[in-house]
Protein chains: 2
Amino acid sequence: MKEQVIDKKTAIMESALKLFTERGFHGTSTAQISKEAGIATGTLFNYFPTKENLINSLYFEVKGQLSQSMGKEIEAQNTFQDKLRKIWSNLIKWGVDNQEKFLFVGQFCSSPYITKFTREEVMKEYVFLHDLVNQGIKTGVSRDFSAELTIAMFYQASRVVVNLIHDSDSSQNKNKFIEDGFHIIWEGLANN
Amino acid sequence: MKEQVIDKKTAIMESALKLFTERGFHGTSTAQISKEAGIATGTLFNYFPTKENLINSLYFEVKGQLSQSMGKEIEAQNTFQDKLRKIWSNLIKWGVDNQEKFLFVGQFCSSPYITKFTREEVMKEYVFLHDLVNQGIKTGVSRDFSAELTIAMFYQASRVVVNLIHDSDSSQNKNKFIEDGFHIIWEGLANN
DNA sequence: AGTGTAACTGACTAATCAGTCAATTATAGA
DNA sequence: TCTATAATTGACTGATTAGTCAGTTACACT
């Protein structure tokens, strides 16, 4: 019954994701998650020993998907700017296509329910971004800001754009937001 | 007994602020808030009819303080850049001095517990920022981005800087974060 | 068909929740 | 000092919580 196992586990995680973003961690009961997933409350605890474990598993999973999407095809880009632009569009695309997950990450990345261990595990997948940014500084393409500042600015800017796209209905606005957002970040970081 | 009334009310709000940021809305019980404030549970409900009312009152109050601090002394500034820079430093200063409140606003501005009414009431205090940004566009000083995008970018950038200052111990880093943060935003927005 | 095992169920529990209210205390004016 | 009123209390309530567990079901292998 391997198929079933996977189906129920993902069903639980999808329901949890939906309800957590709608109502928060404490606002969502395990009974509600189980009901939404179409299983008994006991079954949830077969897959996740505690509610906290479910939260952390979900965060780990979603953040992994995000960082994976973000890094797609950047090797094919030649210049620093092109690489950054590619990461930007990857990030926005993932955020728009996975709006619920994007909201979840934003809403809960600073939550006390996510353990230090999970946070540090997740951080390991972002080393490539750190390296890229430092390389941009070393080659003189971007200004000498701290990598933390640069990355945080970049990421928060993407959140702004995704939220604006989400709230706006017109799809022509969408492309302008993406363009303008990148413009702001690029002109802000670049060395000229 | 007017003095007493104010003291207890603020004691409740301060305790709630502390616990909400530490543990979230649902993670904090009215009993915990009362205990922290040094009063009985019943007393809390004399001042705030429901927990939701307490949350919204607190959000309204804190956001009001934030917008008030943000707008200080901007009339004394002549150019658009100087005005923006003044707002920037006001915002950062308030965030650093009122770290708990800054966290609270950031953590809960997109929360489902804050009613649409409260959100709209709060929004009214930010009209002056909208006007300023639109004026910057009209005079050609800043590029023709949507005001929503500009304001959101500006505000999120300040959150990044405040968080970095909070996590960093050195105070010389602090000034560099503030300078660099403004540089990124200004170069990103300005028309050259 | 019979058997062993893993997945699943939902009624159950002790703890905790937001909110109530009858009783108590503090205060201000006469 | 007496009295009316407002502020405060904390034990209490019905509802809800995370997590348990004895019993049931589904299936794989012989």
Side-chain angles (χ1 to χ4, degrees), chain A residues 1-61 104 108 111-115 117-118, chain B residues 1-60 104 107-108 111-115 117-118:
Chain A
M1 266 186 65
K2 205 67 192 294
E3 288 308 313
Q4 270 288 4
V5 167
I6 291 175
D7 280 344
K8 297 225 164 152
K9 193 164 186 177
T10 51
I12 293 168
M13 291 176 95
E14 277 169 17
S15 302
L17 178 71
K18 183 187 164 193
L19 294 171
F20 283 156
T21 48
E22 268 174 29
R23 319 158 67 93
F25 286 151
H26 270 99
T28 305
S29 69
T30 51
Q32 285 173 312
I33 298 168
S34 304
K35 194 178 176 185
E36 177 82 21
I39 55 154
T41 53
T43 306
L44 188 150
F45 290 94
N46 274 350
Y47 294 101
F48 305 96
T50 63
K51 191 185 179 183
E52 193 187 306
N53 181 277
L54 167 60
I55 292 169
N56 280 272
S57 299
L58 191 56
Y59 185 74
F60 187 79
E61 166 71 22
F104 173 78
F108 296 119
S111 162
Y113 311 115
I114 288 157
T115 65
F117 176 78
T118 303
Chain B
M1 266 185 66
K2 204 66 192 292
E3 289 308 314
Q4 269 288 3
V5 166
I6 289 174
D7 280 344
K8 298 226 163 152
K9 194 165 186 175
T10 52
I12 293 167
M13 288 177 97
E14 276 169 17
S15 302
L17 178 71
K18 184 188 166 195
L19 294 171
F20 283 156
T21 49
E22 268 175 30
R23 321 157 65 93
F25 287 151
H26 270 100
T28 305
S29 68
T30 51
Q32 285 173 311
I33 298 168
S34 304
K35 195 179 176 184
E36 176 83 22
I39 54 154
T41 53
T43 307
L44 188 148
F45 289 96
N46 273 351
Y47 294 101
F48 305 95
T50 63
K51 191 184 179 183
E52 194 187 304
N53 182 279
L54 167 59
I55 293 169
N56 280 273
S57 299
L58 191 56
Y59 184 74
F60 186 78
F104 172 79
Q107 220 164 339
F108 296 120
S111 162
Y113 309 117
I114 289 156
T115 64
F117 177 78
T118 303

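Proteins get letters first, then strands, A, B, ... in listed order; numbering begins at 1 in each. Only a predicted model underlies this, so the values are computations on that prediction, with no experimental measurement involved.
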Task: Between D/dA7 (P) and B/Ile12 (CD1): distance, integer Å - done: 13 Å
Open item on the list: Going by salt bridge (charged side-chain N to carboxylate O under 4.0 Å, His left out), name the residues that satisfy it together with B/Glu22, two or more places apart in sequence or in a different chain.
Closed with: none
Open item on the list: Check this one for me: any side-chain N or O of A/Tyr47 less than 4.0 Å away from OP1 or OP2 of C/dA7?
Closed with: no
- [ ] Indicate for each nucleotide in nucleotides 10-21 of chain C, in 5' to 3' sequence, whether protein heavy atoms under 4.0 Å reach the base (B), only the sugar-phosphate (S), or nothing (-).
- [x] BB-----SBBB-
TODO: Return the set of residues passing ring-ring contact (aromatic ring centres under 6.0 Å, His included) with B/Phe60 (not counting sequence neighbours), or none when no residue passes.
DONE: none
TODO: With sequence neighbours excluded, tell me which residues meet side-chain hydrogen bond (donor to acceptor under 3.5 Å, both in side chains) with B/Asn46.
DONE: none
- [ ] Measure the distance from CG on A/Asn46 to C1' on D/dG19 and round it to the nearest whole Å.
- [x] 12 Å
Open item on the list: If the cut-off is 4.0 Å, is B/Lys8 near the phosphate of D/dT8, judged by side-chain N/O to OP1 or OP2?
Closed with: yes
Open item on the list: Rounded to whole Å, how long is the line connecting atom CG of A/Leu44 with atom P of D/dT17?
Closed with: 14 Å
- [ ] Check the distance between D/dT16's P and A/Ile33's CD1 and give it to me in whole angstrom.
- [x] 17 Å
Task: A/Phe48: ring-ring contact (aromatic ring centres under 6.0 Å, His included) partners, not counting sequence neighbours - done: none
What pairs of donor and acceptor atoms, side-chain ones from residues 35-44 of chain B against any protein atom, are under 3.5 angstrom apart with sequence neighbours left out?
| unit_1 | atom_1 | unit_2 | atom_2 | d |
| --- | --- | --- | --- | --- |
| B/Glu36 | OE2 | B/Lys18 | NZ | 3.1 |

Open item on the list: Among residues at least two apart in sequence or on other chains, which ones pass ring-ring contact (aromatic ring centres under 6.0 Å, His included) with A/Tyr59?
Closed with: none
Open item on the list: If I take atom CG from residue B/Asn53 and atom CD1 from residue B/Ile55, how far apart are they, to the nearest 0.5 angstrom?
Closed with: 9.5 Å
Open item on the list: If the helix axis at each end comes from five base pairs, how far does the helix from C/dA1-D/dT30 to C/dA30-D/dT1 deviate from straight, to 10°?
Closed with: 10°
Task: Partner residues of A/Phe45 under the ring-ring contact (aromatic ring centres under 6.0 Å, His included) criterion, sequence neighbours left out - done: none
